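Each residue takes its place number in the sequence, starting with 1. Just so it is clear, the model here is predicted, and its values are computed rather than measured.
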Amino acid sequence: MFNLVNFTPRGYQLSILETCKNNNTLVVLPTGTGKTAIALLLGLERLNKYQNSKTLIISPTKPLCQQHANTFKQYTDINKDEILLLTGATNANKRAELWQNAHVIIATPQTIQKDLEAGRISLKDFSMLCVDEAHRSRQNFANTHVTKYYFEQSLNPRIIALTASPGGTLDKIKDIMKNLNLEAVEIRSEQDKDVKPHIQKREIEWINVELPKELLELHSLIKRIYLGKAKNLRNLGVTKPLNLINKKDLINLQLQFRKNIRENPASYHGISLVAQLMKIDYALELLEIQSLSSLAKYFEKLKKDESKAAKTLLKLKETQDVINLINNLINNRIEHPKFNKLLEIVKEEINLNPNIKIMIFANYRDTVEDILNLLKSNDINVIKLIGQKGGLTQKQQINIVKHFEETNDNVLVGTSIMEEGLDIKGANTVIFYEAVPSEIRKIQRAGRVARLQAGKIIFLITKNTRDEAYFWSGYQKEKRMKKTLYNLKDKNISEFLKEDG
């Protein structure tokens, strides 16, 4: 018999566990409320029910896998040598050997998928599979492949899928349910009476900034180039009002033109035209919600772009006028108003609490660099955290987080790498440099704060731009997601999965 040690489950965890014992269950809980503990409780229950069985936890990153391993080692009396953290860095044959002697195995889904496909391992004796961050379970993802093998091989299958945010649409949720063979949904939010006592208070602020007249004039010039190009879409059969065409429309048009390329030679022109519009639209987005310097860097990158679309754009006199104006504004030290506002907020928070820990999220590495330089030049203790594409290994990322937690650094600024996969303790304040339209990313970012104590979430939003649209899009999707999941709690899931849409 394996036992729980040094841990007292909360009421909602035990209640959810009862559903998980008898059903393959999607568990949706706010970040920091103990989803992992439910997997641990179910794992113990299954190991004790099926003697000599094993349990497998798959999680998308090494740091998250490490957290699961630590949880089992800290809160159960399972021999620590029988709790195995497997990574792709371990020799494949060695992995197969270690596999035999463990009761609890934690690994990334890609590692397990490769070993299953190579026939090095079998899931026959596994009485539980836990899929962490289950929103990453689209059709061709490793989670989905491992789950398929699991149900083909396991003698006593039971699956638990964990996430803070499965997605805002019924179709996304349905995909996850089907891909992971799920039969039940358990959801709790901060408002549920059994969860509320365990939630730290989170204050939310929306701070609006307005583009100054210099940036509005620049915006008008770029918009004029966009509308001038967009008029040519009329000749290609596009009837939607030009000022209402959005990024999604452009992507769909590009797909449509590519599809028709054999039947209609005009599609070549259509593809190039849409590519130009997407580049101009991206420039507008950088100006509206990022920074002038990131816009300048973008035009520099365009000069090295060998595509026909980039070359056509750069030949335009209007584009050269825009580039000259950007350079003049930068020389005159004009920048996006978010920078001054951000500096003001950070200084104010540090004055109120010199030990404060602030996390600032920005979508682009260029913006992260600009924020870093801004805060450093104002004598603020700040470090940055970027992903592996930016040249940091996961070990280096973990060391940066540790440094932030243990030193007098007040600010950690980073990209989406901070959303999930790294457990960052003690953040008092989270600042969204820009709004995100994805409900999943919004929930993941907001979940970084108030894990241990009360905290604050601040959204910086540029008025009358797509920043506002992105914020409300994320907000509505999150609201819709919660409503859908609560409705599913009382539904016959098998009937629901048969329904269309």
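- Note that CG of L412 is 9.5 Å distant from CD of E405, once rounded to the nearest 0.5 Å.
- Judged purely by atom type and a 3.5 angstrom limit, N24 uses its side chain to pair as donor or acceptor with the backbone of I159.
- With hydrogens and angles disregarded, no donor-acceptor distance shorter than 3.5 Å links the side chain of E349 to the backbone of I356.
- Between the E478 side chain and the G474 main chain, no donor and acceptor come within less than 3.5 Å of each other.
- Here the straight-line distance linking atom CG of L292 with atom CG of L287 works out to 7.0 Å at 0.5 Å rounding.
- Here the side chain of K463 pairs no donor or acceptor atom with the backbone of L211 at under 3.5 angstrom.
- With hydrogens and angles disregarded, no donor-acceptor distance shorter than 3.5 Å links the side chain of N332 to the backbone of I334.
- In this pair, Y475 and W472 present their aromatic rings perpendicular. The plane angle is above 60°, beyond the 30 to 60° band.
- Within the 4.5 Å cutoff, no side-chain heavy atoms of Y268 are placed close to those of K308.
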**Message:** Applying salt bridge (charged side-chain N to carboxylate O under 4.0 Å, His left out) to K297 and E300, what does each step give before you reach the verdict?
**Reply:** CA-CA 5 Å; K297 285 172 192 165; E300 283 305 309; over 6 Å; no
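- Within the 4.5 Å cutoff, the side chain of R188 has no heavy atoms near those of the T33 side chain.
- Residues Y226 and I245 are in side-chain contact: their nearest non-hydrogen atoms beyond the backbone lie under 4.5 Å apart.
- For the residue pair L277 and A230, the shortest heavy atom distance occurs at CD2-N, 3.7 Å.
- If you take OG1 on T25 and CD1 on I187, they are separated by 13.5 Å, rounding to the nearest 0.5 Å.
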**Asked** Between M359 and K357, is a side chain to side chain contact (heavy atoms under 4.5 Å, CB included) present by the stated rule, with each step listed?
**Response** CA-CA 7 Å; M359 292 175 67; K357 295 288 183 183; over 6 Å; no
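- A heavy-atom distance below 4.5 Å is found between the side chains of W206 and F471.
- Considering only heavy atoms from C-beta on, I360 comes within 4.5 Å of V346 through its side chain.
- Using a 4.5 Å cut-off on side-chain heavy atoms (C-beta onward), V322 and E318 make no contact.
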**Asked** Would D305 and S307 satisfy side chain to side chain donor-acceptor pair (under 3.5 Å), going step by step from the backbone distance to the final call?
**Response** CA-CA 6 Å; D305 189 333; S307 69; 2.9 Å; yes
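- Closest heavy-atom contact between P60 and T108: O-CG2, 3.9 Å.
- In this structure, T147 contributes its side chain and L180 its backbone to no donor-acceptor pair below 3.5 Å.
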**Prompt:** Is there a salt bridge (charged side-chain N to carboxylate O under 4.0 Å, His left out) between K317 and D321 once you walk through the steps?
**Reply:** CA-CA 6 Å; K317 180 187 177 297; D321 290 343; 2.8 Å; yes
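- Atoms CG and CG, from L255 and L250 in turn, are 11.0 Å apart once rounded to the nearest 0.5 Å.
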**Prompt:** For N179 and N143, what are the C-alpha separation, side-chain angles and deciding distance, and is it a side chain to side chain contact (heavy atoms under 4.5 Å, CB included)?
**Reply:** CA-CA 9 Å; N179 291 339; N143 284 346; over 6 Å; no
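- Between the D249 side chain and the N246 main chain, a donor and an acceptor come within less than 3.5 Å of each other.
- Here the options are Q276, R466, K247, the test is side chain to side chain donor-acceptor pair (under 3.5 Å), and the partner is D281; only R466 passes.
- No hydrogens or angles considered: a donor-acceptor pair under 3.5 Å links the side chains of D409 and T407.
- Around NZ of K240, the count of heavy atoms belonging to other residues, nucleotides or ligands within 6.0 Å exceeds 12.
- In this structure, the ring of F459 has its center no less than 6.0 angstrom from the ring center of F361.
- Without hydrogens or angle criteria, T319 side chain to K315 main chain gives no donor-acceptor distance under 3.5 Å.
- N70 and Q66 are linked by a side-chain donor-acceptor pair at a separation below 3.5 angstrom, with hydrogens and angles left out of the test.
- In this structure a side-chain-to-backbone donor-acceptor pair under 3.5 Å is missing from S59 to D132.
- Here CD1 of I458 is found 11.0 Å from CZ of F432. Values are rounded to the nearest 0.5 Å.
- Counting heavy atoms from C-beta on, the side chains of L284 and H219 come closer than 4.5 Å.
- Considering all non-hydrogen atoms of both residues, E214 and L329 come closest at CB-CD2, 3.7 Å.
- Atom-to-atom distance recorded for D379:CG and N381:CG is 8.5 Å, nearest 0.5 angstrom.
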**Request:** Test side chain to side chain contact (heavy atoms under 4.5 Å, CB included) on V131 and V146 and set out the steps.
**Result:** CA-CA 9 Å; V131 178; V146 172; over 6 Å; no
**Request:** Show your working on side chain to side chain contact (heavy atoms under 4.5 Å, CB included) between I222 and L295 and close with a plain yes or no.
**Result:** CA-CA 11 Å; I222 301 173; L295 180 60; 4.2 Å; yes
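- A donor-acceptor distance shorter than 3.5 angstrom exists from the side chain of T465 to the backbone of D467, with no hydrogens or angles considered.
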Please list, one pair per line, the donor and acceptor atoms closer than 3.5 Å that link side chains of residues 366-374 to other protein atoms, with sequence neighbours excluded.
{"residue": "T367", "atom": "OG1", "partner": "Q290", "partner atom": "OE1", "Å": "2.6"}
{"residue": "E369", "atom": "OE1", "partner": "K384", "partner atom": "NZ", "Å": "2.7"}
{"residue": "D370", "atom": "OD2", "partner": "S291", "partner atom": "OG", "Å": "3.4"}
{"residue": "D370", "atom": "OD2", "partner": "S293", "partner atom": "OG", "Å": "2.6"}
{"residue": "N373", "atom": "ND2", "partner": "E369", "partner atom": "O", "Å": "3.2"}

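- With contacts defined as side-chain heavy-atom distances shorter than 4.5 Å, the pair Q254/R258 qualifies.
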